[in-house]
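Okay, structure first, notes after.
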Amino acid sequence: MKPGVGTFIVLCSLIFLANCAPPPTCYSRVLSYSKEIMKFMETLQKSYRTKSCMEALPKMYLDVHNSCIMPKLRDFLYVLENLTRPECRERPRILGLKRKIRSLYIIINKVCYRDLVFYTDDCDALVTGESTPRQGGDQLPLYEKQKN
């Protein structure tokens with residue numbers, strides 16, 4: 001039996017449906033964009049043209065599950081906009097980093113407002129990269145038990 005036009009149409013429609021992914025959620029968009037920014041920052045730190053500029057910036061690890069991300073992004077943007085060396089302020093890659101971080105800030109603050117769930121409030125983790133998750137439930141009984 002030879003495959004007909006109907007079989008060809010069915011196969012094409014199945015391939016088309018398999019390639020259609022669901023639209024990204026706000027959370028997945030923020031998560032993927034933060035990973036993209038971290039990779040971009042790593043390349044800027046390794047590039048000989050931007051390495052000296054990146055040394056002037058504070059260390060930052062983007063963790064969208066940390067409740068301190070908004071003030072850290074705001075502070076990082078402030079430092080980016082007020083770099084002391086003019087050649088760093090005018091570098092296209094540094095300007096691109098500033099645009100990306102500002103976009104992430106706007107997405108989290110306006111588009112995904114109240115859609116993100118924060119698992120930790122350790123602000124130092126955004127500098128060191130080592131996060132300790134916040135424990136759920138009441139911690140007072142554990143604290144009193146350790147105290148005695």
Flag the pair L57 / L83 as yes when at least one side-chain heavy-atom distance between them is below 4.5 Å, and no otherwise.
yes
Would you find more than 12 non-hydrogen atoms of other residues, nucleotides or ligands less than 6.0 Å from R91 atom CZ?
yes
Is there a continuous path of hydrophobic side-chain contacts, each under 4.5 Å between heavy atoms, that joins L73 to I106?
no
Do I108 and I69 have side chains that approach each other closer than 4.5 Å (heavy atoms only, starting at C-beta)?
yes
Would a single hydrophobic cluster contain both L95 and I37, if residues Ile, Leu, Val, Met, Phe, Trp and Tyr are joined by side-chain heavy-atom contacts under 4.5 Å?
no
With a 3.5 Å distance limit and no angle check, can you tell me whether N109 reaches the backbone of Y105 through a side-chain donor-acceptor pair?
no
OH (Y33) and CG (L62) are apart, to the nearest 0.5 Å, by 11.0 Å
Got a second to check how far D63's CG is from S34's OG, nearest 0.5 Å?
8.0 Å
Looking at P71 and C68, what are the two nearest heavy atoms and their distance?
CD-O, 3.2 Å
Should E36 and K100 count as side-chain neighbours, where that means a heavy-atom distance under 4.5 Å?
yes
Assess whether side-chain contact (heavy atoms from CB on, under 4.5 Å) is satisfied between H65 and Y27, documenting all intermediate values.
CA-CA 10 Å; H65 302 107; Y27 170 74; 2.7 Å; yes
The criterion is salt bridge (Lys or Arg N to Asp or Glu O under 4.0 Å); which residues satisfy it with R93, sequence neighbours excluded?
none
Quick one: pull up CG in L104 and CE in M70 and give me the separation to the nearest 0.5 Å.
8.0 Å
N/O donor-acceptor pair under 3.5 Å between S47 side chain and T43 backbone:
no
Output yes when K98 and E81 qualify as a salt bridge under the 4.0 Å nitrogen-oxygen rule, no when they do not.
no
Is there a donor-acceptor pair closer than 3.5 Å between any side-chain N or O of T50 and the backbone N or O of L44?
yes
Criterion side-chain contact (heavy atoms from CB on, under 4.5 Å) on C53 and R89, from CA distance to verdict
CA-CA 9 Å; C53 297; R89 274 184 269 159; over 6 Å; no
With a 4.5 Å limit on heavy-atom distance, are the side chains of I101 and M60 in contact?
yes
Rounded to the nearest 0.5 Å, how far does OG of S52 lie from CD of Q45?
12.0 Å
Which atoms form the tightest heavy-atom contact between P58 and F76, and what is the distance?
O-CE1, 3.3 Å
Does the side chain of M54 come within less than 4.5 Å of I94's, by heavy atoms?
yes
